[in-house]
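Below is one structure, written out as structure tokens; comments come after it.
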Amino acid sequence: MGFMSWDQKFVIGIKEVDEQHKKLVNMINQLYDAMKAGKGREVIDDILKELARYTDYHFKTEEKYMEKYKYPDVEAHKKQHRDFVNKVNDFIDKKAKGQVTLTIEVMNFLKDWLAGHILGTDKKMGEFLQKFMG
Ligand code: FEO
């Protein structure tokens, strides 16, 4: 079993979004495995960058649907995305400068943030979008 397990409870009912969430879980596991295996800085940095890139792509997908179907809570949802992107980018910058390293605390933050966001904010969005896309 990986660091973060996919669970049916994460399904929000919008197929494209669910597939993207699965991929994010896989990427977090890949990052954890690389850290645990003591992989070098370049390998870790590449996975981190890819995780940041895919997260951005994923957030844009959700935001596109929220805007298209006039989801009332779109701004609050977007703010959560923005705050997370800022934190991850800040970590990547500091890591590039050698000020921080990837630790289990960082991994737990990524896992807990994603799980909490999917189970709360994304689920609520999913219930709304299902009326249009279900
Ligand atoms: Fe799946 Fe709102 O991020």
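All residue numbers in this chain count up from 1 along the given sequence. Atoms within each ligand, like the ligands themselves, are counted from 1 in listed order. Everything numeric here is computed off the predicted structure, so don't read it as measured data.
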- Message: Let's go through Arg82 and Glu63 carefully: what are the C-alpha distance in whole Å and the side-chain angles of both, what is the deciding distance for salt bridge (charged side-chain N to carboxylate O under 4.0 Å, His left out) to 0.1 Å, and is it a yes or a no?
- Response: CA-CA 11 Å; Arg82 228 167 24 239; Glu63 289 170 15; over 6 Å; no
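No donor-acceptor distance shorter than 3.5 angstrom exists from the side chain of Glu127 to the backbone of Gly13, with no hydrogens or angles considered.
The pair Lys79-Asp83 meets the salt-bridge criterion, since a charged nitrogen lies less than 4.0 angstrom from a carboxylate oxygen. At a threshold of 4.0 Å, the pair Asp56-Lys60 counts as salt-bridged, since one of the basic side-chain nitrogens sits closer than that to a carboxylate oxygen. Under 4.0 Å is where a charged nitrogen must lie from a carboxylate oxygen, and between Asp90 and Lys94 at least one such pair does.
Legend: protein N/O/S atoms lying under 2.8 Å from atom 1 (Fe) of ligand 1, waters omitted, number 4.
Contact record, Ile12 with Asp122: CD1-O, 3.7 Å, taken as the closest heavy-atom pair.
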